[in-house]
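Within every chain, numbering begins at 1; the chains are lettered A, B, ... in the order of the sequence lines, protein sequences first and strands thereafter. What you are looking at is a predicted structure, and each value in this text was computed from that prediction instead of being measured.
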Number of protein chains: 2
Amino acid sequence: MTKPGAKAAASPRERLLAATMDHVTRHGIGELTLRQLAKALGTSHRMLVYHFGSKEGLLTEVVRRSEAEQRAFTAQLMADTGTPPIEQARRLWSQLADNEMWPRERLFFEVYAQALRGRPHTRALLDEIVDAWLEPLVAINRRNGMARDDARAAARLSLAVTRGLLLDLLATQDRKGVDAAMEHFLTSYAPLAGTGAKKQKRRSRP
Amino acid sequence: MTKPGAKAAASPRERLLAATMDHVTRHGIGELTLRQLAKALGTSHRMLVYHFGSKEGLLTEVVRRSEAEQRAFTAQLMADTGTPPIEQARRLWSQLADNEMWPRERLFFEVYAQALRGRPHTRALLDEIVDAWLEPLVAINRRNGMARDDARAAARLSLAVTRGLLLDLLATQDRKGVDAAMEHFLTSYAPLAGTGAKKQKRRSRP
DNA sequence: CGGCGTATGTACCATATGGTACATGTACCG
DNA sequence: CGGTACATGTACCATATGGTACATACGCCG
């Protein structure tokens with residue numbers, strides 16, 4: 001049992017996984033082969049199979065790790081309770097839309113597509129790929145006085161807007177245009193939440 | 001030169017392509033191999049290479065065909081000028097969200113992810129994967145009296161909402177929940193367009 | 001020291017893949 | 001009839017893949 005005095009370097013398995021995450025984020029997960037990966041990491045595919053059991057095992061671990069990062073991100077979302085919601089949304093968006101996040105998002109949508117096909121290594125993900133994000137958003141909306149159902153619908157909408165605009169951004173790389181659309185959403189729509197306007201949807205003509 | 005009196009059956013290439021579209025819609029395009037496909041179509045991978053030059057050639061053709069279908073769909077959107085925009089949006093959504101469309105949308109997002117990775121057979125798609133849909137939406141918004149910039153931002157937003165909610169739907173299969181979010185969007189936000197409200201975003205506090 | 005668990009390197013295997021060579025069929029057109 | 005273009009079937013090839021067998025290093029603990 002490895003318990004070296006200084007934790008200078010993590011376990012080899014951990015190092016391999018971290019390097020794999022990096023490689024996969026950059027080059028995608030769909031075309032991944034053990035040999036190419038191993039060569040890029042300066043090891044042999046033999047070691048990957050040794051430490052992860054199989055290619056499937058590796059992929060499963062990669063997805064698990066991605067989920068963990070995502071959870072950390074949403075947790076950070078939850079932690080910030082002081083900021084007004086629209087400003088909070090702007091910050092969140094500017095984090096997500098940043099160039100440096102693009103590779104991660106490309107990977108996210110790639111894995112998302114695989115999950116929609118039921119690929120085995122994504123089984124754990126499909127259950128929470130929406131809900132894990134929904135919960136904190138619902139909480140924020142409720143905290144701002146929205147009724148339960150509205151809070152949920154609005155959260156779902158916000159999530160959809162965010163992912164939809166990210167898809168747009170990654171394809172067009174038009175940061176300005178996408179920012180404008182998000183701003184359009186935030187300034188025209190979201191304010192309704194803060195003003196305590198409840199269930200006005202019945203009144204078809206104001 | 002094949003010009004049979006009755007066009008009973010299209011060219012073999014065309015039949016193969018149609019069958020491939022069907023197969024790929026059902027089983028995905030990421031894991032596709034010529035041999036498996038050929039077996040499913042009751043032919044040999046030899047013929048696929050013969051008629052499409054290579055696997056890449058086949059994939060390119062599949063993507064091209066998908067684009068064509070998409071264009072037909074948006075054209076239908078453009079044609080309908082009489083319906084009020086919100087009702088038009090509801091119809092569009094109910095078409096897209098229908099169970100029968102799910103396989104197509106799964107394929108769409110799968111190909112989208114590949115396009116984001118720069119896969120060669122998707123090159124033609126990346127340019128228009130947003131714009132092709134944006135144009136008709138912008139036109140509708142303009143027709144309803146929105147200023148150029150607002151029309152564009154709103155169109156972009158609508159597209160993002162639609163795609164984001166489709167992603168949600170495909171993952172959660174929660175049609176009710178997603179419908180509620182869309183309705184939330186349509187009833188709370190879109191009405192702003194019809195009322196001739198222009199450029200109100202400057203007024204930071206009403 | 002000696003054994004033992006973790007880790008790694010080398011070589012190999014069965015299988016699947018995309019693509020090709022060659023032969024064969026089939027239908028139309030002169 | 002005979003040829004010619006399109007179409008198809010059979011067999012093959014080089015390559016790449018995931019996985020495994022075997023040998024071997026390294027470091028710790030008794």
Side-chain angles (χ1 to χ4, degrees), chain A residues 1-21 23-24 27-63 110-111 114 117-123, chain B residues 1-21 23-24 27-63 110-111 114 117-123:
Chain A
M1 43 182 76
T2 52
K3 60 170 174 70
K7 54 166 291 189
S11 72
R13 183 190 145 109
E14 185 55 32
R15 272 184 294 115
L16 281 180
L17 180 55
T20 300
M21 289 297 299
H23 181 269
V24 147
H27 302 92
I29 201 176
E31 310 275 75
L32 189 73
T33 74
L34 292 184
R35 290 175 136 90
Q36 291 171 355
L37 174 62
K39 185 177 297 183
L41 304 198
T43 177
S44 69
H45 80 289
R46 165 73 177 76
M47 295 317 301
L48 294 170
V49 175
Y50 175 73
H51 285 290
F52 298 96
S54 66
K55 186 183 179 182
E56 264 302 313
L58 212 209
L59 294 182
T60 303
E61 220 54 38
V62 166
V63 170
E110 202 181 355
V111 174
Q114 293 187 340
R117 291 280 175 209
R119 295 282 298 276
H121 57 272
T122 64
R123 222 174 335 161
Chain B
M1 42 182 77
T2 51
K3 59 170 173 73
K7 54 166 292 191
S11 73
R13 183 189 145 110
E14 185 55 34
R15 273 184 293 115
L16 281 181
L17 181 54
T20 300
M21 288 299 298
H23 182 269
V24 146
H27 302 90
I29 201 176
E31 310 274 77
L32 189 74
T33 75
L34 291 184
R35 289 174 136 90
Q36 291 172 356
L37 174 62
K39 185 177 298 182
L41 304 198
T43 178
S44 68
H45 80 290
R46 164 73 177 76
M47 295 317 302
L48 294 170
V49 174
Y50 175 73
H51 284 288
F52 298 96
S54 66
K55 185 183 181 183
E56 265 302 312
L58 213 210
L59 295 182
T60 303
E61 220 54 37
V62 166
V63 170
E110 202 181 355
V111 175
Q114 292 186 341
R117 290 280 175 209
R119 294 283 297 277
H121 57 273
T122 65
R123 222 176 333 160

Between P on dT8(D) and CZ on Phe52(B), what's the gap in Å once rounded to a whole number?
11 Å
For the pair made of CE in Met47(A) and C1' in dT8(C), what is the distance, rounded to whole Å?
5 Å
Which pair of non-hydrogen atoms, one from Gly30(A) and one from Glu110(A), has the smallest distance, and what is that distance?
N-OE2, 2.8 Å
Which parts of residues 53-60 of chain A get close to DNA chain C, meaning a heavy atom less than 4.0 angstrom away?
none
Taken to the nearest whole Å, CD/Glu31(B) to P/dT17(D) is 15 Å
Without decimals, in angstroms, what is the distance between His45(A) NE2 and dT17(D) P?
10 Å
Closest heavy-atom pair, Leu34(B) versus Leu48(B), reported as atoms and distance to 0.1 Å, is O-CD1, 3.5 Å
When the rotation axes relating C1' atoms of four end pairs to the next four are compared across the helix from dC1(C)-dG30(D) to dG30(C)-dC1(D), five pairs an end, they differ to 10° by 10°
Taking CZ from Arg35(A) and P from dT17(C), how many angstroms apart are they, rounded to a whole number?
16 Å
Atom NZ of Lys39(A) and atom C1' of dA16(D) are separated, to the nearest Å, by 11 Å
Taking OH from Tyr50(B) and P from dA21(C), how many angstroms apart are they, rounded to a whole number?
15 Å
His51(B) side-chain proximity, nearest of dT8(D), dG19(D), dT6(C):
dT8(D)
Could you report the tightest heavy-atom contact between Pro120(B) and Glu56(B), atom names first, then the distance?
CB-OE1, 3.8 Å
Do Val63(A) and Gln114(A) pass the side-chain contact (heavy atoms from CB on, under 4.5 Å) test, and can you show the C-alpha distance, the side-chain angles, and the key distance before you say yes or no?
CA-CA 11 Å; Val63(A) 170; Gln114(A) 293 187 340; over 6 Å; no
Tell me whether Glu31(B) is salt-bridged to Arg117(A), with the criterion being a basic N under 4.0 Å from an acidic carboxylate O.
no
For the student: nearest non-hydrogen atoms of Ser44(B) and Ala38(B), plus distance:
C-CB, 3.4 Å
Closest to the Thr33(B) side chain: dT17(C), dA7(C), dT8(D)?
dT17(C)
It should be established whether Gln36(A) places a side-chain nitrogen or oxygen under 4.0 Å from OP1 or OP2 of nucleotide dT17(D).
yes
Nearest-angstrom distance from the residue atom CZ of Arg46(A) to C1' of dA25(D)
13 Å
I'd like to know whether Leu37(B) forms a side-chain contact (heavy atoms from CB on, under 4.5 Å) with Leu58(B), so could you lay out the CA-CA distance, the side-chain angles of the two residues, the decisive distance to 0.1 Å, and finally the verdict.
CA-CA 11 Å; Leu37(B) 174 62; Leu58(B) 213 210; 3.6 Å; yes
From CA spacing to verdict: side-chain contact (heavy atoms from CB on, under 4.5 Å), Arg13(B), Leu16(B):
CA-CA 5 Å; Arg13(B) 183 189 145 110; Leu16(B) 281 181; 5.7 Å; no
Show your reasoning for whether side-chain contact (heavy atoms from CB on, under 4.5 Å) applies to Leu32(B) and His23(B).
CA-CA 10 Å; Leu32(B) 189 74; His23(B) 182 269; 4.0 Å; yes
